[in-house]
Amino acid sequence: MVIAIDGPAGAGKSTVARGVAEALGLTYLDSGAMYRSVALAALRRGIDPHDAEALGGLARGLEIGFDDDAVRLDGEDVSDRIRTPEVGEAASRVATHPEVRDAMVARQRSLIDRGGYVAEGRDIGTVVSTDAPLKVFLTASDEERARRRAAETGEPLERVVEEQGRRDARDTEREHGALRPATDAVEVDTTGLGVGEVVDRIVDLARRRGLA
Ligand code: CDP
């Protein structure tokens, strides 16, 4: 069983999904961390971001795991290394290739099949788990999303706005696993809302649907 939380960068998915998982005693799944791990491995190996075949082979062969809050890539703790703006940019590029997406989606499904999850990403409700009993699409204004990201990474706001625009375009315009709300998703605009309020709202939705 999975509660799906999709949305663009900076909408608050990670913090909110963690909070919902904790409140409901479910496991948190950060699907973006998987694409980031593939990107980090590709950067380290010097693989061309357009080489779909090489990236697909890489994505299928890597061992990507989560233990507590740590992300492990072939056993190495890469939790911090995958959070750089460079890896974020590379992740949004490698994530355009169906060869990479298929490998990640298969892994996500096999995790979800084994337990109760709150999974966040771009395509959880539209591709990974189309029968999820609760799908949430989190948004926030462009300005607020950029402000949050700048505060997190320490980058100048103007640069974040530019990068965000490029990544949003790539995420929404790609052919496979494009970012869009599932037809049965509940849209929640987090602009001006605190994390606690958003978590409470989703927990309430989950309870009303008999998921907790
Ligand atoms: O934290 P942020 O939202 O910036 O990024 P993330 O969720 O860690 O995802 C990094 C990149 O991976 C995104 O820009 C997406 O292009 C890609 N991604 C994806 O394609 N599908 C997912 N389910 C999750 C992430």
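Keep in mind that what you see is a predicted model, and the values were worked out from it rather than measured. Whatever order the structure lists ligands and atoms in, that order sets their numbers, starting from 1.
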> Within a radius of less than 6.0 Å around CD of E155, do more than 12 heavy atoms belonging to other residues, nucleotides or ligands occur?
Replying inline: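 Yes - once you tally the heavy atoms of other residues, nucleotides and ligands closer than 6.0 Å, there are more than 12.
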> Is K13 close to R122 at the side-chain level, that is, under 4.5 Å between some pair of heavy atoms?
Replying inline: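 With C-beta onward as the side chain, the pair touches.
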State whether the shortest distance between N or O atoms of [X] and N or O atoms of ligand 1 falls below 3.5 angstrom.
| X | result |
| --- | --- |
| R174 | yes |
| R122 | yes |
| S14 | no |
| Y35 | no |
| S31 | yes |

> Taking R174 for the side chain and T96 for the main chain, is one N or O donor matched with an acceptor at less than 3.5 Å?
Replying inline: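 Here the side-chain-to-backbone pair does not exist.
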> Would a distance-only check, ignoring hydrogens and angles, find a side-chain to backbone donor-acceptor pair under 3.5 Å from T191 to S141?
Replying inline: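 Yes: the side chain of T191 pairs with the backbone of S141.
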With a 4.0 Å heavy-atom cut-off (strictly under), which part of [X] contacts ligand 1: side chain, backbone, both or neither?
| X | result |
| --- | --- |
| K13 | side chain |
| R170 | neither |
| R36 | side chain |

Please could you name the atoms of ligand 1 that [X] approaches to less than 4.0 Å, counting only its heavy atoms?
| X | result |
| --- | --- |
| D123 | 21 (N), 22 (C), 23 (N) |
| A95 | 16 (O), 17 (C), 20 (O) |
| G121 | 23 (N), 24 (C) |
| G32 | 6 (P), 7 (O), 8 (O), 9 (O), 24 (C), 25 (C) |

> Does some non-hydrogen atom of R101 fall short of 4.0 Å from ligand 1?
Replying inline: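 Yes, R101 has heavy atoms under 4.0 Å from ligand 1.
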>> Is R149 close enough to touch ligand 1? Criterion: a residue heavy atom under 4.0 Å from a ligand atom.
In response: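 R149 counts as a contact of ligand 1 under the 4.0 Å cut-off.
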> T190 and A11: which non-hydrogen atoms are nearest, and at how many Å?
Replying inline: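 Shortest heavy-atom contact: OG1-O, 3.0 Å.
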> Considering all heavy atoms of both residues, which atom of Y28 and which atom of Y117 are nearest to each other, and what is their separation?
Replying inline: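 Heavy atoms only, the tightest pair is C-CD2, 4.4 Å.
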Atom [atom1] of [X] and atom [atom2] of [Y]: how far apart are they, to the nearest 0.5 Å?
| X | Y | atom1 | atom2 | result |
| --- | --- | --- | --- | --- |
| L157 | E162 | CG | CD | 11.0 Å |
| D67 | R72 | CG | CZ | 4.5 Å |
| I64 | R107 | CD1 | CZ | 5.0 Å |
| H97 | E175 | NE2 | CD | 12.5 Å |

> How close does the nearest protein non-hydrogen atom get to atom 14 (O) of ligand 1, and which residue and atom is it?
Replying inline: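 The closest heavy atom on the protein side is R167 NH2, 2.9 Å.
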>> Give me the nearest non-hydrogen protein atom to atom 15 (C) of ligand 1 as residue plus atom name, then the distance to 0.1 Å.
In response: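 Residue, atom and distance for the closest contact: D171 OD1, 3.4 Å.
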